[in-house]
Peer 1: 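Mind having a look at this structure? Questions to follow.
Read the numbers this way: they start at 1 and go in the same order the structure lists the ligands and their atoms. Quick caveat, the model's predicted, so the values are computed rather than measured.
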Amino acid sequence: MTTPVLPKMPTLDNLHDLDARDPLRHKKAQFVLPGGVIYLDGNSLGALPGAVPERLQRVIHQEWGDALIRSWTAHAQEGRDWMALPDRVAAKLAPLIGADASEIAVGDSTSVNLFKALTSALHVAAPGRRVILTDADNFPTDLYVAQGLNSLLGDRYELRRVPAADVATHLTDEVAVVMLTEVDYRTGERLDMAGLTAQACARGVLTIWDLAHSAGAFEVDLTGAGADFAVGCGYKYLNGGPGAPGYLYVARRHLDTRVALSGWMGHADPFEMARDYVPARDARRFVVGTPMVLSLSALDTALDVFADVDLAELRAKSLGLTDTFMSLLSGDPDLTLVTPLDHARRGSQVSFRHPQAKEAMRRLVERGVIGDFRTPDIVRFGFTPLYVSYADVYHAAQAVLEVAGELRA
Ligand SMILES: *Cc1c(COP(=O)(O)O)cnc(C)c1O
């Protein structure tokens, strides 16, 4: 992989030109964004899509208020029954992650989905293997869920945590499952999902990918990569709203796997009220309890924003925005870039170390440039190509330079 040469220091005029030619420029109008704010935190909580409030009003007043319990099954023909909401959202998510809708279960948090995926993966893993391999710097909840599940299983497994760069060399025949997050939440570094999955597969190791910072930020191809399981978040780049449901992907070849959280909504026929659990045919078996209708409805409408988005254009703009931000800040002596320059190794965020990172971010937020601080010394900026413009990047970078200068003085 080659490291790209950063573009020359862009001027505001250059960036206005790029905005004028941006094929995604009409997308910003589909979001509600507050005035006086440059929002670089869509990797933590996506902005509000303009069509969501209206949808929620309809769900609350008509479907809940008027139709009441009938809404669970009403308008099933037109696909507007509440029961089918998880499946409908799965169908909209499928093209974003390179999966078939029947391989996706929507609902619960990412953490709970990881628990479900890991239990199933351990169940289908090659017998006798006793290691769960992961990145030592994986997102905390991913590590905690693996620890909790392992203790439930009587500590039968060893949770082996190694630096991301060493994962490939640790794919041995002791490993049952490797559990990785494609884009690191702190550094923005992107792992080679296809390459690592192929290596894992060659050694009989199952893969679970966390797509929290991938889906909606760039094209993901789970089928092409040959991933076994994946999980992800609805409220980051997918803009489903605070606490939006997450999702679980299970490759078709594992569709008949056992599920640990065998709830009635994953039963083949929930309203048969049978005494024994019979799993639904496809990934629907991973839906556990009653669908979260309000939050699923918000996510369902939020995903419509992607209907006419070319994911190659989305990625090209994401790289353009992050390249621009990196160039504009490349001269500051106190900002140390931690995000890789190499396009292939980058997600859609840029992070720097700064000696007073927390205070720097506090001052930026005060000025309306919203990113976040990650302990101990990282300032992190997420670039959502659907609603961040090149001019926004310019103004945000100027604010960062000013704040860094103030803190030096
Ligand atoms: C944001 C994030 C989560 C969030 O998990 P929740 O259960 O939705 O709180 C999980 N994993 C990663 C890698 C994340 O970035």
Peer 1: Any idea which protein heavy atom is nearest atom 11 (N) of ligand 1, and the distance to it?
Peer 2: Asp210 OD2, 2.8 Å

Peer 1: Nearest non-hydrogen atom to atom 7 (O) of ligand 1 belongs to which of Cys233, Ser111, Ser44?
Peer 2: Ser111

Peer 1: So, His254 versus Phe229, ring centres under 6.0 angstrom or not?
Peer 2: yes

Peer 1: For ligand 1, find out whether one of its N or O atoms is nearer than 3.5 Å to an N or O atom of Asp142.
Peer 2: yes

Peer 1: Among all protein non-hydrogen atoms, which one is nearest to atom 5 (O) of ligand 1, and what is the separation to 0.1 Å?
Peer 2: Thr110 CB, 3.4 Å

Peer 1: Check each atom of ligand 1 against the heavy atoms of Ala212 and keep those under 4.0 Å away; list them by number with element.
Peer 2: 2 (C), 12 (C), 13 (C), 14 (C), 15 (O)

Peer 1: Within the 3.5 Å criterion, strictly below it, is a donor on His75 or Glu78 matched to an acceptor on the partner's side chain?
Peer 2: yes

Peer 1: Return the closest protein heavy atom for atom 2 (C) of ligand 1 as residue, atom name and distance.
Peer 2: Lys236 NZ, 2.4 Å

Peer 1: Would Gln349 and Thr187 count as a side-chain contact (heavy atoms from CB on, under 4.5 Å) if you check the C-alpha gap in whole Å, the side-chain angles of each, and the deciding distance to 0.1 Å?
Peer 2: CA-CA 8 Å; Gln349 74 175 61; Thr187 63; 5.9 Å; no

Peer 1: So that I can tick it off, tell me whether Asp228 and Arg253 are bridged by a salt bridge, with the cut-off set at under 4.0 angstrom between side-chain N and carboxylate O.
Peer 2: yes

Peer 1: Please check if the distance between the ring centroids of Trp209 and Tyr249 is under 6.0 Å.
Peer 2: no

Peer 1: Count the heavy atoms belonging to other residues, nucleotides or ligands that lie under 6.0 Å from OH of Tyr144, then report whether that count exceeds 12.
Peer 2: no

Peer 1: Working to the nearest 0.5 Å, report the span between CD1 of Ile104 and CZ of Arg284.
Peer 2: 13.5 Å

Peer 1: Can you tell me which residue and heavy atom of the protein come closest to atom 9 (O) of ligand 1, and the distance to 0.1 Å?
Peer 2: Tyr235 OH, 3.4 Å

Peer 1: For ligand 1, which is the ligand I care about here, please tell me if Asn138 has any N or O atom under 3.5 Å from one of the ligand's N or O atoms.
Peer 2: no

Peer 1: Report, in ascending order of atom number, the atoms of ligand 1 lying under 4.0 Å from any heavy atom of Thr181.
Peer 2: 13 (C)

Peer 1: Does ligand 1 come near enough to Thr141 that some N or O of the ligand is less than 3.5 Å from an N or O of the residue?
Peer 2: no

